[in-house]
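Here is the structure we will look at.
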Amino acid sequence: MISFKQKVFSVVRGILAGEVLTYKEVAKRAGNEKAARAVGAILRTNFDPKIPCHRVVKSDGTIGGYNRGVSEKRRKLRRENAMVGK
DNA sequence: CATTTGACGCCAA
DNA sequence: TTTGGCGCCAAAT
């Protein structure tokens with residue numbers, strides 16, 4: 001039985017370089033659009049380099065958080081995407 | 001099983 | 001535009 005959490009990881013793992021999803025989008029793809037907050041909690045407790053969790057940002061365009069520091073996240077996004085938003 | 005937690009989202013002021 | 005407050009949810013305790 002795959003948990004919501006597993007689903008979230010599958011989705012995030014599938015994000016292509018240059019693609020950025022919001023927590024809400026990830027939640028929707030994982031099966032529950034209203035679980036954006038839970039997605040953050042999940043990505044927070046489970047760090048895994050195979051998962052490009054730095055490509056997940058907030059709906060309002062701000063960067064959100066990151067286990068290894070927001071600066072690091074911003075830097076990675078900047079390398080992959082050209083613009084990160086605000 | 002009951003509570004707490006927090007990388008969120010949205011709206012009113 | 002910036003803040004504050006409330007709702008929502010899966011996980012962790």
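Quick note on labels: first sequence line is chain A, next is B, and so on, each numbered from 1.
As rounded to whole Å, 12 Å separates atom C1' of B:dC8 from atom CD1 of A:Ile42. Atoms CG (A:Asp60) and C1' (B:dC10) sit 10 Å apart, rounded to a whole Å. The NZ atom of A:Lys28 sits 13 Å away from the C1' atom of B:dG9 (whole-angstrom rounding). A:Arg29 has its CZ atom 19 Å from the P atom of B:dC8, to the nearest Å. Rounded to whole angstrom, the span from the NZ atom of A:Lys24 across to the P atom of C:dG7 amounts to 18 Å. Atom NZ of A:Lys7 is separated from atom C1' of C:dA11 by 18 Å (rounded to the nearest Å). With rounding to whole Å, A:Leu43 atom CG is found 11 Å from C:dA11 atom P.
At the heavy-atom level, A:Tyr23 lies under 4.0 Å from base atoms of the strands shown. Heavy atoms of A:Ala36 sit under 4.0 angstrom from primed sugar atoms or phosphate atoms, though from no base atom.
Under 3.5 Å, the side chain of A:Arg37 and the base of C:dC9 form no donor-acceptor pair of N or O atoms.
For A:Ser59, the side-chain atoms get nearest to B:dG9 when compared with the rest of B:dA7, B:dG9, C:dG7. For A:Ala38, taking side-chain heavy atoms from C-beta onward, the closest of the listed nucleotides C:dC9, B:dG9, B:dA7 is C:dC9. The side chain of A:Thr22 lies closest to B:dG9, out of B:dG9, C:dA11, B:dC8. With C:dA12, C:dC8, B:dA7 as the candidates, the nucleotide lying closest to the side chain of A:Asn46 is C:dA12.
When the side chains of ILVMFWY residues are joined at heavy-atom separations under 4.5 Å, either directly or via intervening members, A:Val56 and A:Ile42 end up in a single hydrophobic cluster.
Under the Watson-Crick or G-U wobble criterion, with both distances below 3.5 Å, C:dT1 is left unpaired in every strand shown. C:dC9 and B:dG6 make up a base pair, with Watson-Crick or G-U wobble contacts both under 3.5 Å.
Distances shorter than 4.0 Å separate none of the side-chain N or O atoms of A:Asn32 from OP1 or OP2 on C:dC8. Taking only side-chain nitrogens and oxygens, A:Lys34 never comes nearer than 4.0 Å to OP1 or OP2 of B:dC8. Within the 4.0 Å cut-off from OP1 or OP2 of B:dA7, at least one side-chain nitrogen or oxygen of A:Arg44 is found. Residue A:Lys58 places at least one side-chain N or O under 4.0 Å from the OP1 or OP2 atom of B:dC8.
Of all non-hydrogen atoms in A:Leu21 and A:Arg29, the two that sit nearest each other are CD2-NH2, 3.6 Å. The minimum heavy-atom distance linking A:Glu19 with A:Gly14 is given by the pair OE1-O, 4.4 Å.
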Could you walk me through whether A:Val12 and A:Ile15 pass the side-chain contact (heavy atoms from CB on, under 4.5 Å) test, one step at a time?
-> CA-CA 5 Å; A:Val12 178; A:Ile15 302 178; 4.2 Å; yes
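Classification of A:Arg55 and A:Glu80 as a salt-bridged pair holds, one side-chain N sitting under 4.0 Å from a carboxylate O.
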